[in-house]
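Notes follow the structure.
Order of appearance sets the numbers: ligands from 1, and atoms from 1 within every ligand.
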Amino acid sequence: MFLPLLFTIFLLSSSSSAHASALDFCVADPSLPDGPAGYSCKKPAKVTVDDFVYHGLGIPGNTSNLIKAAVTVAFAPTFPGVNGLGISIARLDLAVDGVVPLHTHPGGSEILYVLEGTICAGFISSSANTVYFKTLYKGDVMVFPQGLLHFQFNSGKTLAVAIVSFSSPTPGLQITDFALFANNLPSEIVEKVTFLDDAQVKKLKGVLGGTG
Ligand SMILES: *[C@@H]1O[C@H](CO)[C@@H](O)[C@H](O)[C@H]1NC(C)=O
């Protein structure tokens, strides 16, 4: 008799003070621009459970492309619930011969978990340029520290699938080859800053859609 009454009083008093404390979450409003602290928060009344649920990582990505790889991302713009939480997740599909070329995520560290197949993955340290790479099999996990150049490629004879998670809701992505050869930076400047010869630069610009 006494205990249930006490419990009811506790519930009443805690519910009346719940909204006076810190924000529980800041679901992204992707219609507004993002900034260093992430997206602005959706009005709590407009938040639904679907903001915290992402469907689609069970579906294979389309690897019919130059790199024979597909990354399906659940980042803040498409998975608004992760905004402000410092996490996100994605699915990586690597067809046979598929490769995620040398790249970096300026905004976060990455952890990769192999679901299927065989993936050779590695990263390069920033000052010593030490290379850390390994062939990973089903069940293996590898971590890639924030900002460091890294790569993954299918080193097996079957499709490879991995789940990758990031320590940021918007980790960003810069692929070295695309940065060098998929834009209009003049060839002579690319050659000067990479020590590559003209024929190689023109060939890669052609393959990757660059001009100049
Ligand atoms: C996969 O991508 C290719 C190239 O963009 C496209 O031609 C093809 O229709 C896509 N396949 C599927 C199943 O969406």
Considering only distance and modelled atom types, tabulate donor-acceptor pairs under 3.5 Å from the side chains of residues 181-192, sequence neighbours left out.
from	atom 1	to	atom 2	distance (Å)
N183	OD1	L185	N	3.1
N183	ND2	A179	O	2.8
S187	OG	G212	O	2.9

Side chains of residues 119-136: which donor-acceptor partners sit under 3.5 Å, not counting sequence neighbours?
from	atom 1	to	atom 2	distance (Å)
S125	OG	N129	N	3.3
S125	OG	T130	N	3.0

> Looking at R91 and L57, what are the two nearest heavy atoms and their distance?
Replying inline: NH1-O, 2.9 Å

> Can you list the residues that meet the side-chain contact (heavy atoms from CB on, under 4.5 Å) rule with V207, with sequence neighbours excluded?
Replying inline: L66

Taking a 3.5 Å cut-off between nitrogen or oxygen atoms, can you list every pair linking ligand 1 to the protein, with distances?
from	atom 1	to	atom 2	distance (Å)
ligand 1	2 (O)	N62	OD1	3.3
ligand 1	2 (O)	N62	ND2	2.3
ligand 1	11 (N)	N62	ND2	2.9
ligand 1	14 (O)	N62	ND2	3.4

>> So does L148 get a backbone contact from the side chain of H150, meaning a donor-acceptor N/O pair under 3.5 Å?
In response: yes

>> Ring centres under 6.0 Å, that's the criterion: do F166 and H105 meet it?
In response: yes

